[in-house]
Participant: 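Below: one structure in structure tokens.
FYI, side chains are in, hydrogens and waters are out, and symmetry mates aren't considered; it's all heavy atoms of this structure. Computed from a prediction, not measured in an experiment: that's the story for all the values here.
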Amino acid sequence: MVRGKTQMKRIENTTSRQVTFSKRRSGLLKKAFELSVLCDAQVAAIVFSPSGRLYEFSSSSMSNIIEQYQRKTKDPGCSAKTTEIDFQNLKGSSLDMVKKIELLELSQRQLSGEVLDTCSVEELQSLQNQLERSLSKTRARKNQLFQKQIEQLKQKEKKLSDENKKLQTRNGMRELLQFVTVHPEVPRGRGLDVETELSIGCPRRHRLNIDPHEDGLSIH
């Protein structure tokens with residue numbers, strides 16, 4: 001069953017509110033612990049229940065973390081400096097991403113045979129090598145697919161050939177039985193050459209042997 005999206009408003013039912021608080025408080029403290037261990041960060045979390053009960057977690061001394069927090073918040077230039085550093089890092093990452101995109105677009109155009117006038121001999125040789133490797137991989141893949149199709153066609157041909165042989169044998173037997181029924185004067189124990197007309201492929205002549213001691217036919 002798909003759970004619905006939780007609405008961000010106060011839970012009116014007291015029992016449900018207490019259960020939700022217990023679950024989410026445990027999850028919050030667990031995430032704080034994981035953050036401190038995985039990232040070697042100093043983490044402190046303080047939670048008061050609706051009844052005023054205290055729950056807390058700290059990766060080290062809670063008082064030391066609170067003091068460090070107070071020192072940072074009292075320094076007016078600290079927050080602005082951190083924001084400026086974050087902005088510069090973000091700006092540098094954006095510029096690097098733009099350069100990478102431009103290089104990829106240029107490489108794609110060059111591989112398509114465009115913008116080659118400004119390329120040096122070494123760059124042209126590098127492009128040629130890339131194209132040759134790409135062409136080699138493309139041909140290898142195409143040959144692989146061709147071989148797979150050939151094998152499938154051979155299997156299909158063998159299956160059709162086997163079915164053809166079965167049909168020839170079945171049709172030949174039917175014609176010979178009809179011939180014996182129409183010509184009861186054929187003596188038993190003697191061979192008779194009969195040309196079948198319903199076989200797939202060139203007509204073949206079969207030799208019919210009628211055994212006087214057995215109620216059956218043998219075809220050669």
Side-chain angles (χ1 to χ4, degrees), residues 1-112 114-115 118-120 122-123 125-142 144-145 148:
M1 182 176 179
V2 180
R3 298 176 57 185
K5 185 178 180 181
T6 303
Q7 296 182 358
M8 289 295 104
K9 65 179 184 179
R10 182 177 183 271
I11 300 175
E12 299 298 333
N13 185 277
T14 305
T15 303
S16 298
R17 185 167 64 247
Q18 182 62 32
V19 171
T20 301
F21 172 79
S22 177
K23 289 182 178 179
R24 302 217 171 195
R25 179 205 69 218
S26 299
L28 175 63
L29 298 181
K30 180 181 178 182
K31 291 296 182 182
F33 168 74
E34 292 175 351
L35 178 62
S36 65
V37 174
L38 295 175
C39 303
D40 193 22
Q42 296 189 55
V43 181
I46 300 175
V47 180
F48 288 97
S49 69
S51 61
R53 185 175 179 180
L54 171 64
Y55 300 91
E56 64 180 43
F57 167 82
S58 61
S59 57
S60 58
S61 172
M62 177 67 76
S63 59
N64 291 338
I65 295 179
I66 293 177
E67 289 177 3
Q68 184 178 359
Y69 169 76
Q70 291 175 343
R71 288 196 302 269
K72 293 293 183 181
T73 55
K74 288 180 180 179
D75 184 2
C78 180
S79 178
K81 184 177 180 181
T82 303
T83 303
E84 179 66 20
I85 293 175
D86 292 340
F87 175 76
Q88 293 296 333
N89 292 335
L90 180 60
K91 184 178 179 180
S93 299
S94 300
L95 292 176
D96 291 340
M97 185 63 66
V98 170
K99 290 180 180 179
K100 290 180 180 180
I101 294 175
E102 291 177 351
L103 290 175
L104 288 174
E105 291 178 348
L106 178 61
S107 177
Q108 182 178 6
R109 295 180 63 186
Q110 289 176 343
L111 289 173
S112 301
E114 303 176 6
V115 199
T118 59
C119 294
S120 64
E122 291 78 10
E123 291 174 340
Q125 183 64 46
S126 177
L127 287 173
Q128 181 179 347
N129 294 337
Q130 293 181 37
L131 290 172
E132 289 176 350
R133 288 194 296 268
S134 177
L135 182 59
S136 177
K137 292 180 180 180
T138 302
R139 286 175 176 171
R141 178 57 179 166
K142 183 180 69 174
Q144 183 181 5
L145 293 177
K148 185 177 181 179

Participant: If you compare all heavy atoms of Y55 against all heavy atoms of S49, which two are closest, and at what distance to 0.1 Å?
Facilitator: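 Where Y55 meets S49 most closely, the heavy atoms are CE1-CB, 4.0 Å.
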Participant: Kindly indicate, with the supporting measurements, whether the criterion salt bridge (charged side-chain N to carboxylate O under 4.0 Å, His left out) is fulfilled by K100 and E102.
Facilitator: CA-CA 5 Å; K100 290 180 180 180; E102 291 177 351; over 6 Å; no
Participant: Would you check if the side chain of T20 reaches a backbone N or O of S16 as a donor-acceptor pair within less than 3.5 Å?
Facilitator: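 It does hold such a pair.
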Participant: Please indicate whether N13 has more than 12 foreign heavy atoms, meaning atoms of other residues, nucleotides or ligands, lying under 6.0 Å from its CG.
Facilitator: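 Counting other residues, nucleotides and ligands, CG of N13 exceeds 12 neighbours.
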Participant: So how far is it from S136 OG to L131 CG, rounded to the nearest 0.5 Å?
Facilitator: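 The OG atom of S136 sits 12.5 Å away from the CG atom of L131.
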Participant: Give me the atom names and distance for the closest heavy-atom approach of A41 to S59.
Facilitator: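 Smallest heavy-atom distance, with atoms named: O-OG, 3.6 Å.
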Participant: For Q42 and Q68, work out which heavy atoms get closest and say how close.
Facilitator: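 Q42 and Q68 have their closest heavy atoms at OE1-OE1, 3.3 Å.
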Participant: Do Q128 and E132 come close enough that some side-chain heavy atom pair is under 4.5 Å?
Facilitator: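 Yes, close enough: below the 4.5 Å cut-off.
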Participant: Distance only, no hydrogens: is a donor on one side chain within 3.5 Å (strictly under) of an acceptor on the other, for Q125 and N129?
Facilitator: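 A donor-acceptor contact under 3.5 Å links the two side chains.
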Participant: If you take all heavy atoms of E123 and S120, which pair is closest and at what distance?
Facilitator: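 Heavy-atom minimum between the residues: OE1-N, 3.0 Å.
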Participant: Would you please test E67 and N64 for side chain to side chain contact (heavy atoms under 4.5 Å, CB included) and show each step?
Facilitator: CA-CA 5 Å; E67 289 177 3; N64 291 338; 4.2 Å; yes
Participant: With side chain to side chain contact (heavy atoms under 4.5 Å, CB included) as the test, would you mind laying out the steps for V47 and F21 before giving the verdict?
Facilitator: CA-CA 10 Å; V47 180; F21 172 79; 3.9 Å; yes
Participant: Could you tell me whether the side chain of S36 and the main chain of F33 form a donor-acceptor pair under 3.5 Å?
Facilitator: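 Yes, S36 side chain to F33 backbone: donor-acceptor pair under 3.5 Å.
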Participant: Of all heavy-atom pairs between S63 and S61, which one has the smallest distance, and what is that distance?
Facilitator: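 Closest approach of S63 to S61: OG-OG, 3.0 Å.
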Participant: Decide whether R133 and Q130 meet the rule of one side-chain donor and one side-chain acceptor closer than 3.5 Å.
Facilitator: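 Note: R133 and Q130 side chains miss the donor-acceptor criterion.
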Participant: Working to the nearest 0.5 angstrom, can you tell me the gap between D96 CG and I101 CD1?
Facilitator: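 Nearest 0.5 Å value for the CG-CD1 distance: 11.0 Å.
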Participant: Looking only at heavy atoms, what is the nearest atom pair of M62 and I46, with distance?
Facilitator: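 Residues M62 and I46, closest heavy atoms: CE-CG1, 4.0 Å.
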Participant: Could you work out, with salt bridge (Lys or Arg N to Asp or Glu O under 4.0 Å) as the rule, every residue matching E34, not counting sequence neighbours?
Facilitator: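 Per chain and number, E34 pairs via salt bridge (Lys or Arg N to Asp or Glu O under 4.0 Å) with K31.
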